[in-house]
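Down below is the structure, laid out as structure tokens.
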Amino acid sequence: MKESYGGTLPRLDLSSLPGTLIVIEGPDCAGRTTQGDLVSRWLEQKGYAVARTGLARSRLAGRSLRRAKTGNMLTQKTMSLFYATDFYDQLENTVIPALRSGLVVLADRWIYTLIARDVVRGADRDWVKRMYSMALVPQAVYYLDAPPRTLVERTLARYSRLNYWEAGMDLGSPGDWYEGFIGYQKRLRTEFSRLREEYGFERVNANRGAAAVFGELKEKIGAMLVNGGTR
Amino acid sequence: MTHETALPGRLIALEGPDGAGKSTQVRLLERWLAGLGCKVFLTEWNSSELVKETTRRGKRKQLLTPTTFSLIHATDFASRYERQILPMLKSGHLVLCDRYIYTSFARDVVRGCDIEWVRNLYGFAKEPDLTFLIRLPLETAVQRVNRGNRKLKFFEAGMDLGLSPDPQECFRLFQGRVQEQYGKLASLFPFVAVDGSLDVPAQQALIRGQVMEKIELSLFRRKAQASR
């Protein structure tokens, strides 16, 4: 039996969802994709079928959402609601059917990133949380935590440039993208530590090599699956 | 809902079920106000460029669930609200809305969404200064929409609710429920009721009369400029 954060999705039966929902959270360049790949391969080797989801990937809204972001067309509440549309489309059409078939769903971020980003951009915390109240409670959430200076170094090493959104440039910082990035990531991190207490997810130190992080994730996920994936 | 009394503009909304004649009335109102020299802006439900393609895809491929149907319309509204409605109100326009948040309050609830959840989505929206609810008997509304034997679209007919396999019948049942929700909303919000079975000029006269009574129109006249 899966539960939501309070709200009820209309016309959906949550009574028989034997699968397991695992979420990897964290900022960009914390290593989510790398860990997602490693965990997914490892789970498949253990015999679990894995389905993967992530933000802005819905059939309904993914493409339009990504395009709107490129064009700087999005005002704050519009962006919140567009992401919520994308989130619920995947929840209803990808995540829940996969859980019903008994798969392990490995989600690259969940409502927490969406809430944190909106709150940092000035959205009313309660408004956003209520919007996501019908989201399923995952069996486990692992938050890959790394300090902003590490993130900026990794980003530059990998792309040789900073991304407009990750540098929080829409927040009206002046022209300094480096300081913009650090400042924005700091605010996100503060919001995340608040959300961590509220929603009770596990922090994984991501300020180290991928192998060490993967080792810890394997241990945690392995233990959780042995316990039947129940909370 | 927010009460932003400091805004110099005024917000007028027209609500009602499909076939009530909202678009006709709101256009006549716009013409009249523009003719008086007022700064007026008309915006329609579900018309933002930003989400148009998503909504079209969702409807055509029937990807929408009650939840995403509600959210995509809220996204459309937010986009128009943040980019048009609010700036227009701040710059002293009379903003006319062909459908407002009550449309979602009625329809999405019929589709099974929780009313509190839907109201929260629109929690940032200003309450209109004047809301007209055009009401008319269900059978009249259904006949008007079906005039010319136009084929009803899937979501328009409420086929996603599965009330009947026949689109015409499904539409009738769906609209009955929508009207019921409007009735409930009318007891919660200060709507001005308009009898949609009156002829068009009679309805328009009533609407104009209310607008003149509630809004000091001289405040919204454009400064005298070269008018042609």
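To find a chain, count down the sequence lines: A is the first, B the second, and so on, and within it residues start at 1. Quick note: numbers below take in every heavy atom, side chains included, and nothing from hydrogens, waters or symmetry partners. Keep in mind it's a predicted model, so treat the numbers as computed, not measured.
- Stacking of B:Arg107 on the aromatic ring of B:Tyr102 is not recorded, the 6.0 Å distance cut-off and the 45° axial limit not both being met.
- Heavy atoms of A:Met134 lying under 4.5 Å from chain B belong exclusively to its side chain.
- Residues B:Gly158 and B:Arg111 share a closest heavy-atom pair of CA-NH2, 4.1 Å.
- B:Thr75 contributes atom OG1, which lies 6.5 Å from atom CZ of A:Phe82 (distance to the nearest 0.5 angstrom).
- The salt bridge (charged side-chain N to carboxylate O under 4.0 Å, His left out) pairs that include a residue from residues 128-142 of chain B are B:Lys126-B:Asp129, B:Glu139-B:Arg172, where partners are two or more places apart or lie in different chains.
- When heavy atoms are compared at a cutoff of 4.5 Å, B:Asn120 approaches chain A by way of both its backbone and its side chain.
- Interface remark: A:Arg11 contributes side-chain atoms only to the contact with chain B (heavy atom separation under 4.5 Å).
- Only the side chain of A:Arg63 comes within less than 4.5 Å of a heavy atom in chain B; its backbone stays farther off.
- Contacts between B:Asp160 and chain A at a heavy-atom distance below 4.5 Å involve backbone atoms as well as side-chain atoms.
- Residues A:Ile24 and A:Asp108 form no side-chain contact, since every pair of their non-hydrogen atoms from C-beta on lies 4.5 Å or further apart.
- The one candidate from A:Tyr88, A:Tyr112, A:Tyr5 that meets the side-chain contact (heavy atoms from CB on, under 4.5 Å) condition with A:Tyr132 is A:Tyr88.
- By number of non-hydrogen pairs under 4.5 angstrom with chain B, the leading residue of A:Thr85, A:Asp126, A:Asp89, A:Asp124 is A:Thr85.
- The candidate from B:Leu64, B:Leu121, B:Thr55 with the greatest count of non-hydrogen atom pairs under 4.5 Å with chain A is B:Leu121.
- Residue contact with chain B, scored on non-hydrogen atoms closer than 4.5 Å, involves the side chain of A:Asn93 exclusively.
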